[in-house]
Structure formats: C-alpha cells, structure tokens
Engineer: 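Okay, handing you the structure first.
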Amino acid sequence: MYFIGVDLGTSAVKLLLMQEDGQVLRVVSREYPLYFPHSGWSEQNPDDWFNQTMKGIGQLLEGFDKENVAGISFGGQMHGLVILDDQDRVIRPAILWNDGRTGEETDYLNQTVGKETLSRCTANIAFAGFTAPKILWVKKHEPEHFQRIRKIMLPKDYLAYRLSGSFCTDLSDASGTLLLDVKNRCWSKEMLDLCHITEDQLPRLYESYEVTGTLRPDIAAQLSLSPKVKVIAGAGDNAAAAVGTGTVGNASCNISLGTSGTIFISSDTFRVDSHNALHSFAHADGHYHLMGCMLSAASCNKWWTENILHTDDNAAEQAQISKLGENQVFFLPYLMGERSPHNNPDVRAMFIGMSMDTARADMTQAVLEGVAFGLRDSLEVAKSLGISLERTKICGGGAKSPLWRTIIANVMNLKVDVLEQEEGPALGGAMLAAVGCGVYPDVKSAADRIVKIRETLEPDPDLTAKYEARYREFTRLYPMIRPFFQ
C-alpha cells in the first residue's frame, strides 16, 4: 500500500509518497505566491493551495500503480485563518501565522481578558500569530466579512475539506487557535463567546491519526484514484514533523533548526508552565507536547552570511571556527522579535562583546551559539516542570551543519540523534495515514518501525562546562536590553 503525506508550507506544498514499510518513493514540491498587501500583513489564496496540491499529487503518482494508494494525510502551517460563507466560498484571503496585524487584539486578550483566564481556558496565552486574535480583527475591521462566516478553518483543513467534504480538524493544529481547551481536548465555550463565534462554525475535532472521510468521487476521478482512499486528519506542522522524527511517547525531544527554531517535547501527561513561556498543545500521538518556538533560527545564519558577509558558503565560514566555548562575542537572535520564552515582538537582535581583535569567525560563531542559547532558554522552562531529558533528535536546514549540531549537543548537554532520512511534516503526514489505515496500531509503533538514527553526538564534559558558564552570562543580557525596546 502507498500513503501520501501533504506538507502545506508557507511558500510551497511538499508531497511525499511512502510505502507501508516507511520507504519514501518520491517527493515533489510546488510553490504558490505569498501576498503582503500592507506592512506586516501576510496572506495567501486558499485556492492556490488546492490547485497546486492537485497538480502535485498527479506528479507524485506518475509511474506508480494508483490502485495501491490507501490513504492521504497532512501536516500544515498552523494558526492561519480561512473563512467560508454559506456557499462554501472563501470570503477573504487566508491570514497566515506570520501576519502581524493583530497587535491590538492580542493585547486585548492578554491584558483585558487576562492571561490567567486564557491559560485556564486554553493552557496558552495570546500571540499575534494565533487564530483567535485574527477572528477578532476581522470582526472589528471587516464586519461585512465577519457576518458571512459559516465555516472557520485552518490551512491544511481547507485542503481536507476540498478533498473529502469533511469539515474537520485535528487536536494538535486546533491547539494553536487559542480556541481549544487543550487539557480536555474540546473547544472552549468561554473562548468562543469572547470571539463571538459558535461551535457550529468550527470544524469537528479528531485525533491526528483518525479517518475523517474518503475522497470525494469527483476529486477521485480527477486524480484517477479510488473514491475509497481514506483521508486522515493530520497534524499541525510541528506535530507532524515530530511524528516524522519519531518524537512520540513520554519525554521524547526534537530540536528543529529551520527558518524558525523549535524545541518540541512530547509528554504522556498535560503540563503547563506558570508563565506560559512554552506552548502547551495536544500532540499527534493522542497525548500532549510542550514547545518553545524561536522566531529566528537558521534564518539568523542566513541573514549573517548572505546579507552581511555576502556569501552562501556556510561550510567555508564555519571552517574558520576552532575554539568552541571560548568566544567572547554574544549574539541575541531576535531578528524578528521573540516568542518563546520572552513573548516580545518588539525586541531585536544584537551583537555584544566585540573588541579590536574580534574576527569574522567570532561573529559567525556567536550567531550559531546565540540560537543554541535561545533554545536552551526554553529547555530551562521545561526543566522547571520536572522534565528530565537525556537526548534529542535534530532536524531542519541548520541541522545539516556538523558544527552547529556539536554546539547544540554541548549547549544543551544532550545526546543529539541525527536521522537517516528527514522529510519533515510530509513524512509525518504519510505515517499518520498509515496508522489511520490500520497498517500500524498507533503512532509510536509506526515511529519505532520507520524512523532510523544515523549517528549520535555525545556532549563533551569539558566543552559542556564551558558552555554552561557562557549560557549563564547570556541569560543576563535580555533583561538588560529589554527596556531599550519598550
């Protein structure tokens, strides 16, 4: 049997075809435009997602026996707002996760409604990218659109709706709306009332591995597939990527060095920290996870090498770095503000500690270390909840750097497992489809069978001690610079 995983990203949709044993047969990607109609706004046309996905599935299956396709599932960009009217027409372009227009609405939720109320209702506080502030923005600024809303969806769920006709979402993606009671895995009546919407306007909730329907006959005919192909709920991109890296089960960890950076810790039990510094979300394995999210991770290195040094030869730049743990230069990695654990959209990046003998390599090293220290901030919050970790998986574009992996291992004092294959949310989506179709009894069984480790980096005790001292100095910097950006 074949399973299709669809990763609906911000710049492209990535589609993956997987055999039931986990072998990846083909991967294709199709891009679509991103629109910035005003400063700080970020939008897309949901029809672009659907059209490129349909074309991508056709490409993906060329030369393969389509009769063997059993299921399709998703990983997708989180927090986006897609609204449909009573004729199932998209009312306005989707407002994306990285859209910054909801400052007033976010402040209203956090300050007027109050963080304690939000945390009690949803286990989280408001961030500008979350879905609930977007709904309030539409109500205030586009009341004629708000009155027409009959269905509210997340991006990947729009695809599922077009493919199957099932109006549904999964619990991991729903966790990022600020409308879900995460602990009890249901919509929060109090939050719905605050946003002036009803449960009828929201999709039915499923676990990520549950079957939500089958392909609509007309869609199946267009794709030359059986209308019996099952559609499985899928997950938000981070939870789907965690499945694809085997980050399931209690106290399993994955660090992602993508454009943004995350530390993702799965848990069998519900947890929330007292300051809501970490996101407390449902996981795609049927349990929960904590996640710290940095807005700039590998993008910090890309900015430094390409915009400032005017090179894309990262290997050559990093080859000049020789004395780990001894750099006197710090880099605060807040190029786009910061989410976890500071929740400060106004803070900005900074180099600190340069002297006349500071070299180019010192600055490059500081960027790599600054991202690692920023991720360590979230790890410390997890430790305060009694979570003890020994190792982590690592993924994302930045994880291709052996030097950066070494820095992560020693800053975090964790063993770092490098994967044999890394296909992100698309692989996680295909694995969820295999679980939904009954090939595996649960998500952990699928991960144990499919995900393989290529190598493990061990932290060096001497280097770990040096980085421990440097990290303690790093933690003093943000409190000092925060007033400057207020």
Engineer: Does any non-hydrogen side-chain atom of Thr305 lie less than 4.5 Å from one of Ile308?
Structural biologist: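 Contact flag for Ile308/Thr305 side chains = no.
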
Engineer: Is any NZ, NE, NH1 or NH2 atom of the basic residue among Arg185 and Glu207 found under 4.0 Å from an Asp or Glu carboxylate oxygen of the other?
Structural biologist: yes

Engineer: Is there a donor in the side chain of Gln44 and an acceptor in the side chain of Gln77, or the other way round, less than 3.5 Å apart?
Structural biologist: yes

Engineer: Is there a side-chain contact between Ser340 and Ser378 in this structure, where contact means two heavy atoms from C-beta onward sitting under 4.5 Å apart?
Structural biologist: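 Yes, side chains in contact.
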
Engineer: Any heavy-atom pair between the side chains of Leu15 and Val27 that's under 4.5 Å?
Structural biologist: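 The answer is no; the side chains never approach within 4.5 Å.
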
Engineer: Is Leu25 close to Leu16 at the side-chain level, that is, under 4.5 Å between some pair of heavy atoms?
Structural biologist: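 Leu16 vs Leu25: side chains apart.
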
Engineer: Closest heavy-atom contact between Ala126 and Leu118?
Structural biologist: N-CD1, 3.7 Å

Engineer: Does the ring-ring contact (aromatic ring centres under 6.0 Å, His included) test come out yes or no for Trp137 and Tyr108, once each step is laid out?
Structural biologist: CA-CA 11 Å; Trp137 185 92; Tyr108 162 75; over 10 Å; no

Engineer: Ion pair present between Asp417 and Arg391, side-chain N to carboxylate O less than 4.0 angstrom?
Structural biologist: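 Yes, Asp417 and Arg391 are salt-bridged.
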
Engineer: Heavy atoms, side chains only, cut-off 4.5 Å: are Gln318 and Ser401 in contact?
Structural biologist: yes

Engineer: Looking at Thr10, Asn98, Asp99, which one forms a side-chain hydrogen bond (donor to acceptor under 3.5 Å, both in side chains) with Ser42?
Structural biologist: Asn98

Engineer: Are side-chain N/O atoms of Asn301 and Asn314 paired as donor and acceptor at under 3.5 Å?
Structural biologist: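 Result is yes, a qualifying pair exists.
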
Engineer: Would you check if there is a donor-acceptor pair between the side chains of Ser208 and Asp170 at a distance under 3.5 Å?
Structural biologist: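 Yes.
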
Engineer: Check this for me, if you would: do Asp442 and Lys444 make a salt bridge, where the nitrogen-to-carboxylate-oxygen distance has to be below 4.0 angstrom?
Structural biologist: no

Engineer: Assess whether a salt bridge exists between Glu20 and Arg449, defined as any Lys/Arg side-chain N lying under 4.0 Å from an Asp/Glu carboxylate O.
Structural biologist: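 Salt bridge between Glu20 and Arg449, a charged N being under 4.0 Å from a carboxylate O: no.
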
Engineer: Do other residues, nucleotides or ligands put more than 12 heavy atoms under 6.0 Å from the CZ atom of Phe484?
Structural biologist: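 12 or below, so no.
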
Engineer: Do you see a donor-acceptor pair shorter than 3.5 Å between the side chains of Asp313 and Thr311?
Structural biologist: no

Engineer: Could you tell me whether the side chain of Met350 reaches within less than 4.5 Å of the side chain of Ile481, counting heavy atoms only?
Structural biologist: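 Touching, per the 4.5 Å side-chain cut-off.
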
Engineer: Any side-chain heavy atom of Ser266 within less than 4.5 Å of one from Asn250?
Structural biologist: no

Engineer: How about His283 and Phe264: are their ring centroids closer than 6.0 Å?
Structural biologist: yes

Engineer: So that I can tick it off, tell me whether Glu31 and Lys14 are bridged by a salt bridge, with the cut-off set at under 4.0 angstrom between side-chain N and carboxylate O.
Structural biologist: no

Engineer: If every non-hydrogen atom of Lys183 is compared with every non-hydrogen atom of Tyr288, which pair is closest and at what distance?
Structural biologist: O-OH, 2.7 Å

Engineer: Taking it one step at a time, do Met412 and Thr392 satisfy side-chain contact (heavy atoms from CB on, under 4.5 Å)?
Structural biologist: CA-CA 9 Å; Met412 299 293 201; Thr392 183; over 6 Å; no

Engineer: Flag the pair Glu390 and Lys415 as a salt bridge only when some basic side-chain nitrogen lies within less than 4.0 angstrom of an acidic carboxylate oxygen.
Structural biologist: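 Result for this pair is yes, salt bridge flagged.
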
Engineer: In terms of side-chain heavy atoms, does Arg26 have a donor or acceptor partner in Gln59 at a distance below 3.5 Å?
Structural biologist: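 Absent: no donor and acceptor within the cut-off.
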
Engineer: Give a yes or no answer on whether the side chain of Ser445 reaches the backbone of Pro441 with a donor-acceptor pair at less than 3.5 Å.
Structural biologist: no

Engineer: Passes side-chain hydrogen bond (donor to acceptor under 3.5 Å, both in side chains), Tyr467 versus Glu369? Steps please.
Structural biologist: CA-CA 9 Å; Tyr467 271 130; Glu369 291 172 340; 2.6 Å; yes

Engineer: Closer than 4.0 angstrom, basic N to acidic O: yes or no for Arg476 and Glu473?
Structural biologist: no

Engineer: Minimum heavy-atom separation for Ala372 to Ile408, with atom names?
Structural biologist: CB-CD1, 3.8 Å

Engineer: When the ring centroid of His279 is compared with that of Phe127, is the distance short of 6.0 Å?
Structural biologist: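 Here the rings of Phe127 and His279 have centres that are less than 6.0 Å from each other.
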
Engineer: Does Glu116 come within less than 4.0 Å of Arg120, counting only side-chain N to carboxylate O?
Structural biologist: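 No salt bridge links Glu116 with Arg120.
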
Engineer: Could you pull out the closest heavy-atom pair between Gly325 and Lys466, with the gap in Å?
Structural biologist: O-CB, 3.8 Å

Engineer: Tell me, with the steps shown, if Leu335 and Cys300 meet side-chain contact (heavy atoms from CB on, under 4.5 Å).
Structural biologist: CA-CA 7 Å; Leu335 290 172; Cys300 289; 3.9 Å; yes

Engineer: Where do Val416 and Thr456 land on the side-chain contact (heavy atoms from CB on, under 4.5 Å) test, with the steps shown first?
Structural biologist: CA-CA 5 Å; Val416 172; Thr456 298; over 6 Å; no

Engineer: If the threshold is 4.0 Å, N to carboxylate O, is there a salt bridge linking Lys134 and Glu105?
Structural biologist: no

Engineer: With no hydrogens and no angle check, just 3.5 Å: does a side-chain donor-acceptor pair link Tyr334 and Asn344?
Structural biologist: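 Absent: no donor and acceptor within the cut-off.
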
Engineer: Using the ring of each side chain (for Trp, its six-membered ring), is Tyr478 parallel, tilted or perpendicular to His342, with breaks at 30° and 60°?
Structural biologist: parallel

Engineer: Step by step, would you call Trp303 with Leu309 a side-chain contact (heavy atoms from CB on, under 4.5 Å)?
Structural biologist: CA-CA 9 Å; Trp303 162 80; Leu309 300 183; over 6 Å; no

Engineer: Evaluate the side-chain proximity of Ser29 to Val13: yes if any heavy-atom separation is below 4.5 Å, no if none is.
Structural biologist: no

Engineer: Restricting to non-hydrogen atoms, name the atom on Asn410 and the atom on Asp460 that form the minimum distance, rounded to 0.1 Å.
Structural biologist: OD1-N, 2.7 Å

Engineer: For the atom pair CZ (Phe130) and CG (Leu178), what is the distance rounded to the nearest 0.5 Å?
Structural biologist: 6.5 Å

